Amino acid sequence: MAYVWNRGDDDVRKVLPRNIAVPYCELSEKLGLPPILSYADCVLANWKKKDPNGPMTYENMDILFSFPGGDCDKGFFLVSLLVEIAASPAIKAIPTVSSAVERQDLKALEKALHDIATSLEKAKEIFKRMRDFVDPDTFFHVLRIYLSGWKCSSKLPEGLLYEGVWDTPKMFSGGSAGQSSIFQSLDVLLGIKHEAGKESPAEFLQEMREYMPPAHRNFLFFLESAPPVREFVISRHNEDLTKAYNECVNGLVSVRKFHLAIVDTYIMKPSKKKPTDGDKSEEPSNVESRGTGGTNPMTFLRSVKDTTEKALLSWP
């Protein structure tokens, strides 16, 4: 990313030389990931503990690689990681949920759903720390450039040529929160189906699976064949169970509402400001307001949030 985007100005590299491209693509193939920086690279695998025996807290952690912009990337990557950690009990609860549905154990299912909702609440609280460590202007004008891909890019409209690997340029999306498997897993588990069709949220989220580690993709595929939780809850006509299901859905809605606020703070508002001399970005505002994954983030997230809200079950 650093080689291609250079200093974040108009001097963009359209060809990745073979001495970088060939080993990079070979390694990416072994890892089962596209040859571009992904969420798995910059968040899930980009951390270490300062004190190996200490806790996994922001104060005791650092990142392994960084980009220009001071500590902006540390704040962005580590808070994103800590959100994943806070939400991880939700993933651990999924086998319990599936087992409870199969055994028709309403109490076990209710407890597991409550555990998922609690973890989402904690994840949102961690997410709020983004504002403590990440400066909006630095993120927008510096870090965001290096996270951007070469799909839907005005500066690389044909994509990037990987010399010695392919004869034609390739288009890949940049790092995106859509590549996090946790929230896609919960959508599948809770039966939340996003708007489908060409260039739709469902299509984008499906595409983002290709940027996840293979084990994460396989887990999502496995979940899609698991017993449908939503249909089971509806069929039971049980008030406590319905409330527990809705608690999970509301937890997702709350996280997604806050994500919209974060995008407004870190992308939409800075994109409307007139760049100063120290700012790197000089692209038109309609391009600037795209997310690093290549979408219009506000349109995408609003649709995802609205679809999640519609999944709420009425009672009685």
Side-chain angles (χ1 to χ4, degrees), residues 1-14 16 36-43 46-47 58 62-83 127-160 171-180 204 208 211 258-302:
M1 310 304 277
Y3 179 86
V4 170
W5 298 122
N6 196 22
R7 296 180 179 277
D9 50 23
D10 289 328
D11 189 15
V12 173
R13 308 289 192 259
K14 296 181 179 179
L16 195 65
I36 190 170
L37 186 78
S38 68
Y39 186 84
D41 299 316
C42 60
V43 174
N46 185 25
W47 61 272
Y58 188 90
D62 207 346
I63 52 177
L64 301 177
F65 69 87
S66 58
F67 289 112
D71 282 339
C72 179
D73 53 359
K74 177 183 174 181
F76 187 70
F77 297 150
L78 285 186
V79 171
S80 298
L81 175 68
L82 291 168
V83 168
F127 202 177
K128 289 179 180 178
R129 298 192 73 189
M130 188 72 73
R131 289 172 168 159
D132 297 335
F133 302 112
V134 184
D135 174 70
D137 289 333
T138 305
F139 172 81
F140 182 79
H141 292 293
V142 183
L143 180 59
R144 194 182 62 98
I145 293 169
Y146 297 102
L147 302 181
S148 300
W150 21 96
K151 183 175 182 179
C152 302
S153 169
S154 63
K155 294 191 174 183
L156 287 169
E158 296 177 1
L160 179 71
M171 293 188 180
F172 294 109
S173 295
S176 165
Q179 296 163 9
S180 166
F204 176 75
M208 289 300 99
Y211 295 79
F258 187 71
H259 197 174
L260 273 164
I262 285 290
V263 167
D264 185 54
T265 298
Y266 287 91
I267 295 180
M268 307 313 293
K269 285 177 180 172
S271 75
K272 293 168 185 170
K273 288 183 184 177
K274 186 176 180 180
T276 62
D277 291 340
D279 290 336
K280 305 286 185 185
S281 235
E282 293 178 5
E283 293 181 38
S285 60
N286 65 323
V287 176
E288 286 287 17
S289 60
R290 283 188 178 276
T292 51
T295 63
N296 180 312
M298 293 300 278
T299 302
F300 168 75
L301 286 171
R302 278 198 196 102

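The structure displayed is predicted, hence computed values, not measured ones.
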**Student:** Answer yes if the ring centres of Phe140 and Tyr266 are under 6.0 angstrom apart, and no otherwise.
**Tutor:** no
**Student:** Asp71: what forms a salt bridge (charged side-chain N to carboxylate O under 4.0 Å, His left out) with it, not counting sequence neighbours?
**Tutor:** none
**Student:** Are the side chain of Trp5 and the backbone N or O of Ile145 linked by a donor-acceptor pair below 3.5 Å?
**Tutor:** yes
**Student:** In the structure I gave you, are the side-chain heavy atoms of Val79 and Phe133 within less than 4.5 Å of one another anywhere?
**Tutor:** yes
**Student:** Any sub-3.5 Å donor-acceptor pair from Asp41's side-chain atoms to Ser38's backbone N or O?
**Tutor:** yes
**Student:** Go through the structure and list residues passing salt bridge (charged side-chain N to carboxylate O under 4.0 Å, His left out) with Arg13, not counting sequence neighbours.
**Tutor:** Asp11
**Student:** Measure the NZ-CG distance between Lys151 and Leu160 for me, rounded to the nearest 0.5 Å.
**Tutor:** 15.0 Å
**Student:** Mind checking whether Met1 and Leu147 have side chains closer than 4.5 Å, heavy atoms only?
**Tutor:** no
**Student:** Quick check: do Phe77 and Leu82 have side-chain heavy atoms less than 4.5 Å from each other?
**Tutor:** no
**Student:** Is Val4 close to Leu156 at the side-chain level, that is, under 4.5 Å between some pair of heavy atoms?
**Tutor:** yes
**Student:** Under a 4.5 Å cut-off applied to non-hydrogen side-chain atoms, are Lys155 and Trp150 in contact?
**Tutor:** no
**Student:** Tell me if a side-chain donor or acceptor on Tyr211 pairs with a main-chain N or O of Gly175 at a distance below 3.5 Å.
**Tutor:** no
**Student:** Backbone N or O of Asn6 within a donor-acceptor pair of the Tyr146 side chain at under 3.5 Å?
**Tutor:** yes
**Student:** Is a donor on one side and an acceptor on the other found under 3.5 Å between the side chain of Asp73 and the backbone of Phe67?
**Tutor:** yes
**Student:** Write down the atom of Pro270, the atom of Pro136, and the distance for their closest heavy-atom approach.
**Tutor:** CG-O, 4.1 Å
**Student:** Could you give the distance from CE (Met268) to CG (Leu260), rounded to the nearest 0.5 Å?
**Tutor:** 10.5 Å
**Student:** Determine whether Ser80 and Tyr39 make a side-chain contact, defined as any pair of heavy atoms from C-beta on separated by less than 4.5 Å.
**Tutor:** yes
**Student:** To the nearest 0.5 Å, how far apart are CG in Asn46 and CG in Asp62?
**Tutor:** 9.0 Å
**Student:** Is the side chain of Thr138 donor-acceptor paired with the backbone N or O of Val134 at a distance under 3.5 Å, no angle test?
**Tutor:** no
**Student:** Just how far is it from atom CZ of Arg302 to atom NE2 of His259, taken to the nearest 0.5 Å?
**Tutor:** 13.0 Å
**Student:** Provide the closest heavy-atom pair for Ala261 versus Arg131 in the form atom of the first, atom of the second, distance.
**Tutor:** CB-NH2, 3.8 Å
**Student:** Of all residues at least two apart in sequence or in a different chain, which pass the salt bridge (charged side-chain N to carboxylate O under 4.0 Å, His left out) check with Lys14?
**Tutor:** none
**Student:** What is the distance from atom NZ of Lys74 to atom CG of Leu143, rounded to the nearest 0.5 Å?
**Tutor:** 14.5 Å
**Student:** To the nearest 0.5 Å, what is the distance between OG on Ser173 and CG on Leu37?
**Tutor:** 12.5 Å
**Student:** Check whether any side-chain heavy atom of Trp47 lies under 4.5 Å from a side-chain heavy atom of Leu64, and answer yes or no.
**Tutor:** no
**Student:** Given 3.5 Å as the limit, does a donor-acceptor pair link the side chain of Gln179 with the main chain of Met208, or not?
**Tutor:** no
**Student:** For Ser153 and Gly149, work out which heavy atoms get closest and say how close.
**Tutor:** CB-O, 3.8 Å
**Student:** For this output row, return yes or no: ring centroids of Phe76 and Phe139 closer than 6.0 angstrom.
**Tutor:** yes
**Student:** Is a side-chain donor or acceptor of Asp135 paired with a backbone partner of Cys72 at a separation under 3.5 angstrom?
**Tutor:** no
